[in-house]
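Before any comments, here is the structure.
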Amino acid sequence: MNFQLPDIGPVIPEITLTAIALIVLLADLLIKKKEVLALFSIAGIVAVAYTLIGSSGITFGGMFISDGYSTFFKLIFFVNVILSVLISIKYIVIEKINFGEYYALILFSTIGMMIMASAADLIVLYLGLELMALSTYVLAGFIRHDIKSNEAALKYFLLGAFSSAFLLYGTSMIYGLTGTTNLNAIALYISEKGLTGNLSLLLSVILFTVAFGFKIAAAPFHMWAPDVYEGAPTSITAFMSVGPKAAGFAVLGRVFMVAFASAKVDWAAILIPVSILTMGVGNIVALSQTNIKRMLAYSSIAHAGYALLGIIAANNEGLASVMNYLMIYAFMNIGAFAVIIMLRSEGFRGEDITDYEGLAKTHPLSAALMLIFMFSLTGIPPTAGFIGKLYIFMSAINAGYTWLVVVAVIFSAISAYFYLRIVMYMYMKEPKEVVSLTTSPATGLALIVTTIAVLVIGVFPSFLLDLAKAAIKGF
Amino acid sequence: MVPLNWYILLSAVVFTIGVFGFLSRRNIIIMFMSIELMLNAVNISLISFSHYLQDMRGQILAFFVIAVAASEAAIGLAIVIALFRNKATAHVDDIHEMHG
Amino acid sequence: MEQVIMNQLSYPILSTVIFLPVFGALLLLFMRRSWELLTKWLALTTSIATFLLSIPLFINFDKSTYKMQFVERFSWIPDWNVNYYIGIDGISILFVLLSTLIAILCVLISWNAIKTKVKEFYISILLTTSFMIGVFCSLDFFLFYLFWEAMLIPMFLIVGVWGGPNRIYAAIKFFLFTLIGSVLMLVGIIVLYLYAGKTFDILELTTKTYPYTMQVWLFWAFFSAFAVKVPMFPVHTWLPDAHTEAPTAGSVILAAILIKMGAYGFLRFSIPLFPDAATAMTPTMLTLSVIAIIYGAVICLAQTDLKRLIAYSSVSHMGFVTLGIFALNTQGLEGGILQMLNHGVVTGALFLSVGIVYDRTHSRQIADYGGLATHMPIYAAFFMVFTLSAIGLPATNGFIGEFLIILGGFTANKLAGVLALTGVIIGAGYMLWLYQKVFFMEVNKKVVGLPDMDIRETIALLPLLFLVFWIGVYPNSFLSFMHASVQHLIERVNMPGGMQEANIAKTLMEVVR
Amino acid sequence: MKYYLLIPFLPLAAFLINILLGKEALRDKAHWPSCLAIIGSFVISVMTLFDVIHGKIINEDLYTWIVSGNFKVSFGFLIDQLTAVMLIVVTGVGSLIHIYAIGYMHGDKGYYRFFSYLSLFVFFMLMLVTANNFLQLYLGWEGVGLCSYFLIGFWFEKKSAADAGKKAFIVNRFGDFGFALGIFMIFLTFGTLHYVPVFAGIKNFVGHTVNFLGYEVDLITLIALLLFCGAVGKSAQIPLHVWLPDAMEGPTPVSALIHAATMVTAGVFMVARCNSIFSLSPVAMNVVAIIGAVTSLFAATIAVVQNDIKRIIAYSTLSHLGMMFVACGVGAYAAGVFHLYTHAFFKALLFLCAGSVIHAVHSNDIQGMGGLKKYMPLTYITMFIAALSAGGVPGLAGFFSKDEIIWSAFASGTNVGTFVWIMVTCVAFFTPFYSFRMIFLTFHGKFRGTHKQEHHLHESPNVMTIPLMILAAGAVAVGWVGITPLLGGGAHFTEFLKPVVGHPEFHGTHAQEWGIMGLSTTIALSGLVIAAVFYLVKTEIPVRLAKNFSSIYRILFNKYYVDELYSFTIVRPTLWIAKNILVGFTDAKIIEGIVNGVPRSIGIFSGILRKVQTGLVHHYAIIMAAGAFFIIALAMLLR
Amino acid sequence: MISQLFFAYFAFAIVLLSVLVITRKNPVHSVLWMLLLFFHIASLYLFLNAEFMAAIQIIVYAGGILVLFLFVVLLMNIREELRINKFIGAWPTGFTFAVGLLVVITMSVRSFVAGPQGKYTVDLIKKESNIKVLGKLLYTDFLFPFEVASLILLVAIVGAIVLAKKRVKS
């Protein structure tokens with residue numbers, strides 16, 4: 001019997017990262033100072049990022065593809081994981097969850113995301129998704145002694161499992177229809193058998209929408225997000241608000257654009273109401289939030305809504321805009337969380353937005369940074385947020401969805417209110433009690449990176465756009 | 001020879017029973033079981049497909065599903081236990097610290 | 001032949017003027033809270049330097065051509081074909097100068113008024129200045145929108161942080177109002193960009209023709225942004241709040257420059273981009289303008305708050321501006337542009353003046369004043385001059401502007417002219433009423449023994465006084481800047497088709513080259 | 001050599017000097033710049049007058065003021081016969097009043113302010129008369145209005161003064177409303193605002209009609225009437241006369257200069273200047289004549305019962321201005337200007353005398369005076385002369401001008417002409433009546449004021465009395481330049497102005513002219529006599545009359561309630577609308593309602609929507625399932 | 001014919017058992033019913049000649065997962081469980097939508113057309129046993145997912161330990 005090892009070139013990043021994760025897992029037993037693990041993980045990530053170069057190719061019988069698209073998303077995941085780890089280091093000490101598994105799980109989850117981004121086969125996709133999801137469930141519930149954290153984990157887990165059941169059902173449908181799980185093969189079969197418009201195909205598309213919609217927190221599958229974001233450890237909230245969302249978009253983009261390419265019209269039609277609903281719910285409910293993590297949860301829902309426009313555009317430009325958007329979102333959102341995390345100190349949650357009263361007076365610098373992130377999230381130039389939105393809107397309008405964009409901009413104008421509210425609390429109110437910030441070099445570094453990124457991308461977005469364009473080429 | 005559609009129908013029914021269980025049972029364990037039901041429904045369809053299409057992927061996927069189901073069960077139950085330590089209830093609707 | 005005249009000077013003058021304030025703001029960032037005086041002086045020097053640097057524009061400007069001058073152009077975001085593309089023509093130059101001037105006055109007038117977060121305040125002022133100048137210079141839609149929106153941030157802070165009791169409401173109202181307007185414009189811009197083959201180049205866009213329905217849609221999209229800024233009649237209510245609550249400098253910037261951007265937008269974009277739509281919309285626009293004129297004027301009669309009254313008078317005066325602009329004839333347009341300048345000078349001056357007494361009494365209630373002329377004669381004299389200019393007395397700048405505007409309006413539509421004139425009558429009514437209540441009659445105890453203006457305040461007002469008469473007696477030195485550009489604009493409106501081929505050919509030539 | 005430029009710019013210089021240095025440096029010497037300036041302008045005016053007499057008409061542009069497209073207007077000067085006359089009046093009478101003011105305003109804390117305003121006024125007035133285009137005319141027009149605003153409200157601590165000033169300005173704005181429209185129409189018609197081309201071109205537009213606000217109207221009539229609106233406002237004719245009596249709040253020299261001699265006559269000047277426009281529109285002419293006549297009689301009747309010495313004179317001014325318009329209305333512009341010219345002297349004199357009286361008594365109420373002639377003989381005599389002149393007693397200045405007006409009214413031969421002739425003839429009775437009522441109540445009988453007042457009654461200082469005497473001489477003599485041929489005069493004045501204003505053709509015989517003259521003279525004298533009887537001999541009659549005809553008396557005393565009428569029909573409604581409709585309703589309710597309502601409702605909606613987030617996993621799951629269900633159902637329906 | 005009867009029985013049994021599973025008040029009963037259910041499903045797999053799947057269905061599910069469930073079930077207070085209402089208040093809504101889903105799914109699968117025939121015919125699988133084929137595939141074509149699955153299990157272990165171990169005072 002013939003048995004030759006498949007070309008593992010494209011998978012090297014994943015393998016390396018797995019190795020690192022395992023090392024972290026083991027080293028945890030020996031090393032007392034968990035910061036070391038954090039730094040090691042970061043170094044590892046950087047190394048992995050290095051191995052990404054030239055790792056392009058298809059392997060494992062077309063199940064795993066490493067192309068520009070996946071690479072770009074992997075970059076997003078790396079940015080996400082590095083920044084999250086940076087802001088975690090001090091925080092998890094305060095939360096008394098300073099265990100090595102924390103970092104290991106973050107890395108595993110990242111591996112899951114990477115696999116999702118590279119999945120060219122529904123089986124791999126499913127497994128990657130589960131890998132990511134399971135690790136994230138655990139991370140969400142990592143503060144075992146905190147009921148909120150438990151609750152977050154439970155809700156996330158239950159609904160996550162529920163949604164992945166839908167994903168599986170959809171997968172089985174597709175499998176039944178096409179006799180394969182390979183995305184390209186599916187596409188090929190659908191187009192040559194003219195299955196487009198077949199109701200059961202549509203059904204499976206919708207079931208995928210449900211599953212992916214859950215991951216990217218698109219209404220009406222977003223319900224988990226606010227609770228989980230609020231309950232999970234803040235660092236993990238930051239991590240979740242970017243990573244799984246990006247991964248979700250990665251698979252959404254790949255599956256819909258590749259496998260269901262011929263059904264573009266249908267799934268675009270399905271996604272339009274979803275995106276409107278998402279923007280609406282996200283922005284409107286955010287208005288009446290008093291817990292900032294919760295507010296950012298809704299805001300991230302809203303942002304998923306904007307990003308969906310890029311998918312709806314259903315062309316490479318659209319995808320590029322989505323990728324670009326998610327990268328920017330990673331920076332600005334985690335930046336915001338970095339500030340939030342600084343307010344958390346022994347015996348002070350610092351999650352209520354009234355805790356920000358007069359921050360500009362007590363801590364002008366952090367206030368200024370928060371201001372930048374808030375305006376960036378609103379999408380006011382010259383911040384990165386504007387570039388992201390602009391690109392999305394451009395591609396959507398180019399694809400002929402002007403009216404949809406009008407809806408989007410109206411919502412983003414509404415969104416300005418709750419972002420401004422934070423600024424307003426920081427700058428236009430007098431401090432109630434003196435809030436002490438728990439700063440650390442790592443958090444500082446994270447803040448510097450994010451701020452610079454937000455401003456530089458805001459003014460000189462070219463390199464990012466080039467990157468996205470290049471990444472999407474030959475998709 | 002049993003037509004394939006019967007299997008599909010069966011899986012659909014079981015799936016929705018699972019859905020119903022998940023949507024309406026308070027007891028957390030039973031919700032887990034409902035999820036397992038849904039997964040089994042999927043497995044049924046997968047395996048029937050793989051039989052009728054004379055292709056192994058279905059079974060392989062089902063195999064992975066079972067693996068994942070196991071892990072999910074483990075994680076889920078671990079979460080439940082962690083929760084139990086803070087709030088001794090088996091009823092999900094008692095758990096709504098966070099809302100709004 | 002070239003579309004524009006590149007910058008002939010040895011240095012990139014416009015960029016310098018735009019970014020010098022930013023540079024100053026950056027320096028301010030490194031000031032300690034304790035170094036207040038240094039902070040102030042740094043801010044002042046920066047603004048003065050900016051002004052001085054903008055003088056060469058005035059001198060070296062070639063009035064004989066409508067073309068953009070002092071143009072600088074670099075590729076910026078090649079992926080979107082965005083360029084860093086700035087230049088000024090006869091329409092924008094005056095506002096650049098006005099902005100640089102006003103900046104100085106704002107710094108001066110805030111010298112003692114601002115006591116908290118001093119550093120942040122001057123940073124905001126400087127940033128606002130540079131963004132405003134940027135708006136007037138941008139020849140690239142992306143750049144334009146960048147400045148246009150960015151300016152909201154410092155302005156929002158100025159109103160919200162250093163404003164009056166109801167400042168937060170005012171600030172947020174201002175921000176959201178403007179934002180909603182401008183995001184719709186953003187959509188319009190993108191549509192334009194895509195339709196015109198992915199270019200943000202304003203000049204190039206203004207040489208193309210667009211299908212009529214598209215023109216109308218886009219006209220309204222842009223209208224939503226500009227009308228809010230102007231502000232035109234139904235969307236004016238942010239203005240009284242913002243003006244009233246903002247600190248003096250804030251009100252001055254708002255009144256003098258920020259709300260000019262709306263009118264400027266009409267001139268620079270709405271009309272040349274969508275000439276057919278603009279022509280078709282003229283009746284609507286004239287109606288709105290006239291409503292604004294009369295509504296704003298009459299509503300002033302019922303005000304009890306100094307700043308609020310002046311704010312509403314701005315609504316009325318900007319009504320004149322839009323009236324002139326949409327008269328779409330030379331007198332109207334030039335009058336409109338000049339009136340924008342005048343309103344900047346006069347309303348700016350009025351807010352400065354109000355600020356001067358506000359610093360002394362900390363009251364904006366008209367009822368708290370009276371007989372000021374007895375105690376502050378010099379101040380009274382200054383205020384009188386600005387009042388007269390505001391009511392359009394000949395030999396002051398206000399007259400020239402209003403006269404030309406109404407002449408243009410009258411030419412375009414007699415009724416509009418007549419109604420606008422009634423605005424002038426009422427204008428005299430409320431301004432003199434205000435003046436009487438504040439300066440005449442027996443002295444109110446609250447103002448007994450107030451010191452008259454000091455040197456700093458006098459210096460802050462003098463240039464504006466000077467301008468009032470300069471423009472009033474020899475307006476040509478300003479009108480002459482506009483002639484070419486306005487003529488060009490009118491040609492564009494009247495025969496879009498005609499210019500088309502020529503320009504398309506031109507662009508083709510450039511492509512080939 | 002543009003020496004004539006000095007005429008307006010000397011006073012301007014004086015103004016600047018005073019306003020800049022007056023407060024600190026000059027203080028009580030603040031009158032020097034102003035007086036020197038105006039006297040200088042007077043001298044130069046005389047020179048220019050001679051130039052003009054020698055046929056040197058000046059019309060040149062100083063510099064281009066405004067250029068905008070085809071609209072082009074310059075700062076320029078036109079000095080022809082009409083202007084020359086006005087220059088003499090303004091600077092001549094002006095100088096005297098300046099000198100008088102030195103005494104009158106002595107010790108006022110706003111001394112320098114007063115003189116700077118005065119100079120500024122003179123400047124604008126001169127700009128007005130020397131303008132060679134409508135816009136510059138408008139400049140002067142508004143400028144003098146402004147100065148009158150300043151000067152009326154000179155004692156601004158007094159609410160009444162401040163109000164009066166504001167009223168004057170705003171009422172004038174109403175007139176200028178029309179005036180400006182007229183200017184626009186002229187520009188639309190001629191494409192220029194310069195006199196010469198306009199007056200030259202106007203005859204090409206006879207019979208042209210234009211659509212104005214939906215009405216087809218005769219172009220020239222429209223222009224003429226619009227311009228006349230301005231005149232009505234400036235010269236305080238019905239219905240815009242209300243500001244002038246209140247304007248008496250200002251210092252008396254101001255009343256003399258602005259509200260008698262010069263500014264208020266600007267309207268007449270403008271109509272005369274635009275005679276070539278008016279003459280081509282019979283309608284407009286009639287309107288002018290009738291409004292003039294009505295105002296004239298209307299004011300005269302009011303004057304009869306007033307007790308404020310200055311108000312009496314103010315109403316008489318109205319009345320005389322009315323007469324001037326009558327003259328213009330019947331085409332006798334020269335007569336109008338002639339009356340303007342004589343009126344300047346005797347009316348200024350009347351005011352100054354009144355001023356001198358007030359200076360002594362510190363009160364305006366003639367009921368509180370009497371028997372002053374033994375305290376202030378000079379004032380008495382001069383005022384008497386002035387009254388005679390105003391009353392049209394033969395031989396004095398007023399007589400000739402008034403007679404010419406009455407005659408030209410009669411001789412115009414039209415119905416309107418006859419109508420206005422009757423009116424004016426009635427006025428001829430009232431004028432001497434109220435003038436002498438005032439004289440007698442003030443100077444004759446015994447003093448009715450308090451002892452404190454009586455204690456320091458005194459003749460005014462020379463600086464005040466000398467101008468009085470000079471003016472008195474004027475009031476007697478200035479008329480002699482215009483004696484009609486009938487009385488062996490050369491009517492030099494009319495002849496002089498002919499090149500500018502032309503001459504109406506009269507339909508009337510010498511006999512008629514004699515008759516008319518006789519009639520008006522007798523009427524005038526009778527008025528004088530009756531006044532004498534009422535207020536010297538049988539002083540109880542007026543009281544009884546007032547009692548018997550109390551209603552009429554009250555109407556007259558309250559000036560026909562015009563002020564009240566305006567206040568109820570215009571002022572209050574506007575304010576009410578402003579307060580209750582615009583602020584209270586449109587802004588607060590409708591617009592703000594939407595502006596705040598939408599966000600608020602979104603907020604409420606948000607509050608509702610967040611209730612959906614119950615925190616129960618089941619509900620979340622149900623919503624997910626529902627979402628899936630609905631999407632599938634939707635997709636199936638769309639199939 | 002026979003096979004169809006068999007199928008009919010199993011289908012009926014499976015549906016019935018699933019309903020029982022989710023409707024029992026007592027979790028223990030549910031678990032036991034589920035055990036039975038799994039046996040049925042397993043035997044259904046046998047019909048679809050997936051012996052290996054049938055086997056692991058029994059081993060993993062019945063032997064592993066269910067036991068796990070039982071352990072947890074024993075943590076909770078059954079008596080209280082029996083006392084209180086087993087459904088949430090909104091169960092009718094849930095029911096409606098579950099049924100709705102069933103309806104729309106069945107309606108849409110009516111247009112189902114089976115995919116292409118693969119090469120793993122029954123007798124081919126018969127020739128070398130099902131498990132062998134499966135194994136081959138898992139270690140060749142599906143090596144990657146297989147590895148990923150291993151990671152998942154690892155994460156499960158780690159996670160379970162992290163979450164469930166006694167609290168450490170850090």
Side-chain angles (χ1 to χ4, degrees), chain C residues 173 176-177 234-238 240 295 298-303 329-331 334-335 371 373-374 377 381 388 393-395 399-400 403-404 406-408 410-411 414-415 417-418 421-422 424-426 428-429 432-433 435-436 439-443 473-476 479-480 482-483 486-487 490, chain D residues 19 23 63-71 75 113 124 135-136 138-143 145-146 149-150 153 156-159 161-163 165-166 169-170 173-174 176-177 180-181 183-185 187-188 211-214 574-575 577-580 582-584 586-587 591-592 594-596 599:
Chain C
K173 192 176 185 181
L176 291 186
F177 242 109
V235 289
H236 64 278
T237 50
W238 65 268
Y295 187 93
V298 173
I299 210 163
C300 283
L301 294 168
Q303 296 306 320
N329 54 33
T330 316
Q331 289 80 23
E334 295 191 348
T374 322
L388 295 178
L393 192 93
F399 171 72
I400 313 290
F403 182 82
L404 285 175
I406 300 173
L407 183 58
F410 193 77
T411 325
K414 292 203 177 53
L415 182 58
V418 174
L421 258 180
T422 59
V424 178
I425 300 180
I426 312 170
L432 292 182
W433 173 78
Y435 197 84
Q436 176 183 2
F439 290 90
F440 290 165
M441 318 213 287
E442 65 287 343
V443 180
V473 175
Y474 194 66
N476 287 342
L479 286 168
S480 55
M482 318 167 183
H483 295 324
V486 167
Q487 224 38 52
I490 289 175
Chain D
I19 205 72
K23 191 170 166 51
Y63 73 90
T64 318
W65 184 15
I66 309 176
V67 185
S68 171
N70 59 340
F71 175 79
F75 252 102
R113 236 172 6 103
F124 277 122
L135 203 62
Q136 191 177 339
Y138 189 78
L139 164 86
W141 194 264
E142 290 272 328
L146 170 72
Y149 165 76
F150 284 149
F156 52 75
E157 289 88 349
K158 267 171 63 196
K159 183 173 191 310
D163 284 339
K166 193 175 74 206
F169 196 94
I170 293 169
R173 267 289 163 110
F174 276 92
D176 303 346
F177 175 75
L181 284 178
I183 293 177
F184 294 148
M185 283 312 297
F187 175 72
L188 288 196
N211 182 321
F212 190 72
L213 311 186
T574 322
L575 290 180
I577 289 172
K579 217 177 245 65
N580 302 322
L582 300 192
V583 175
T586 5
D587 248 37
I591 298 176
E592 285 296 75
I594 295 168
V595 168
N596 297 328

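Per chain, numbering begins at 1; letters A, B, ... match sequence-line order.
- The CG atom of N211(D) sits 6.5 Å away from atom NZ of K414(C), with the distance rounded to the nearest 0.5 Å.
- If you take CG on N476(C) and OG1 on T64(D), they are separated by 6.5 Å, rounding to the nearest 0.5 Å.
- Using cut-offs of 30° and 60° for the angle between ring planes, the F156(D) and F440(C) rings count as parallel.
- Between chain C and the options R173(D), K158(D), M185(D), heavy-atom pairs under 4.5 Å are most frequent for R173(D).
- Neither the backbone nor the side chain of V486(C) comes within contact range of chain D; no heavy atoms are under 4.5 Å apart.
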- Task: Before giving the answer on side chain to side chain contact (heavy atoms under 4.5 Å, CB included), spell out for F174(D) and I425(C) the whole-Å C-alpha distance, their side-chain angles and the decisive distance to 0.1 Å.
- Result: CA-CA 7 Å; F174(D) 276 92; I425(C) 300 180; 3.8 Å; yes

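- With a 4.5 angstrom heavy-atom cutoff, W433(C) touches chain D via backbone and side-chain atoms both.
- Both the backbone and the side chain of L415(C) come within contact range of chain D, with heavy atoms under 4.5 Å apart.
- Atom CG of residue N596(D) and atom OG1 of residue T237(C) lie 7.5 Å apart, to the nearest 0.5 angstrom.
- Interface remark: F71(D) contributes backbone and side-chain atoms alike to the contact with chain C (heavy atom separation under 4.5 Å).
- Heavy atoms of V583(D) lying under 4.5 Å from chain C belong to its backbone as well as its side chain.
- Note on L407(C), L479(C), V235(C): by heavy-atom pairs under 4.5 Å with chain D, the leading option is L407(C).
- Here the closest non-hydrogen pair linking G429(C) and I170(D) is CA-CD1, 3.6 Å.
- Taking all atoms of both residues into account, the shortest heavy-atom contact from K166(D) to L432(C) is CG-CB, 3.8 Å.
- With a threshold of 4.5 angstrom between heavy atoms, P234(C) approaches chain D through N, CA, C or O but not through any side-chain atom.
- Minimum heavy-atom separation, V473(C) to W65(D): O-CD1, 3.1 Å.
- Heavy-atom pairs under 4.5 Å with chain D peak, among M482(C), E334(C), Q436(C), at Q436(C).
- There is no contact between I426(C) and chain D, counting heavy-atom distances below 4.5 Å.
- Ring geometry for F184(D) against F403(C) counts as tilted: the plane angle lies between 30° and 60°, on a 0 to 90° scale.
- Side chains of K579(D) and L301(C) form no contact here, defined as non-hydrogen atoms less than 4.5 Å apart.
- Of the listed residues G371(C), G335(C), A373(C), G408(C), the one with more heavy-atom pairs under 4.5 angstrom with chain D than any other is A373(C).
- Contacts with chain C were tallied for E592(D), R113(D), Q136(D); E592(D) has the most, counting heavy-atom pairs under 4.5 Å.
- Shown here for V298(C) and A578(D), the closest heavy-atom pair between the two residues is O-CB, 3.3 Å.
- Taken to the nearest 0.5 Å, the OG1 atom of T330(C) stands 6.5 Å off from the CG atom of N70(D).
- Interface summary for chain D: among S480(C), A381(C), P394(C), the most heavy-atom pairs under 4.5 angstrom belong to P394(C).
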- Task: Could you please spell out the steps behind the side chain to side chain contact (heavy atoms under 4.5 Å, CB included) verdict for W238(C) and V595(D)?
- Result: CA-CA 9 Å; W238(C) 65 268; V595(D) 168; over 6 Å; no

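- Of all non-hydrogen atoms in V67(D) and H483(C), the two that sit nearest each other are O-CE1, 3.1 Å.
- Both the backbone and the side chain of L421(C) have a heavy atom closer than 4.5 Å to some heavy atom of chain D.
- With a threshold of 4.5 angstrom between heavy atoms, I594(D) does not approach chain C through any atom at all.
- T422(C) touches chain D through backbone and side chain together, each having a heavy atom under 4.5 Å away.
- Top candidate by heavy-atom pairs under 4.5 Å with chain D, chosen from I406(C), L176(C), V443(C), is I406(C).
- Per-residue counts of heavy-atom pairs under 4.5 Å with chain C were compared for L181(D), I19(D), D176(D), N580(D); the largest is that of L181(D).
- Contact annotation for F187(D): only side-chain heavy atoms (C-beta onward) come within less than 4.5 Å of a heavy atom of chain C.
- Remark: F399(C) CZ to L135(D) CG distance equals 4.0 Å, nearest 0.5 Å.
- Looking at Q331(C), its side chain does come within 3.5 Å of a backbone N or O of S68(D) through a donor-acceptor pair.
- Contact annotation for E442(C): both backbone and side-chain heavy atoms come within less than 4.5 Å of a heavy atom of chain D.
- Interatomic distance, L388(C) CG to Y149(D) OH, rounded to the nearest 0.5 Å: 8.0 Å.
- Proximity to chain D (any heavy atom under 4.5 Å) is shown, for P240(C), by neither the backbone nor the side chain.
- Y295(C) is listed as a side-chain neighbour of D587(D), based on a closest heavy-atom distance under 4.5 Å.
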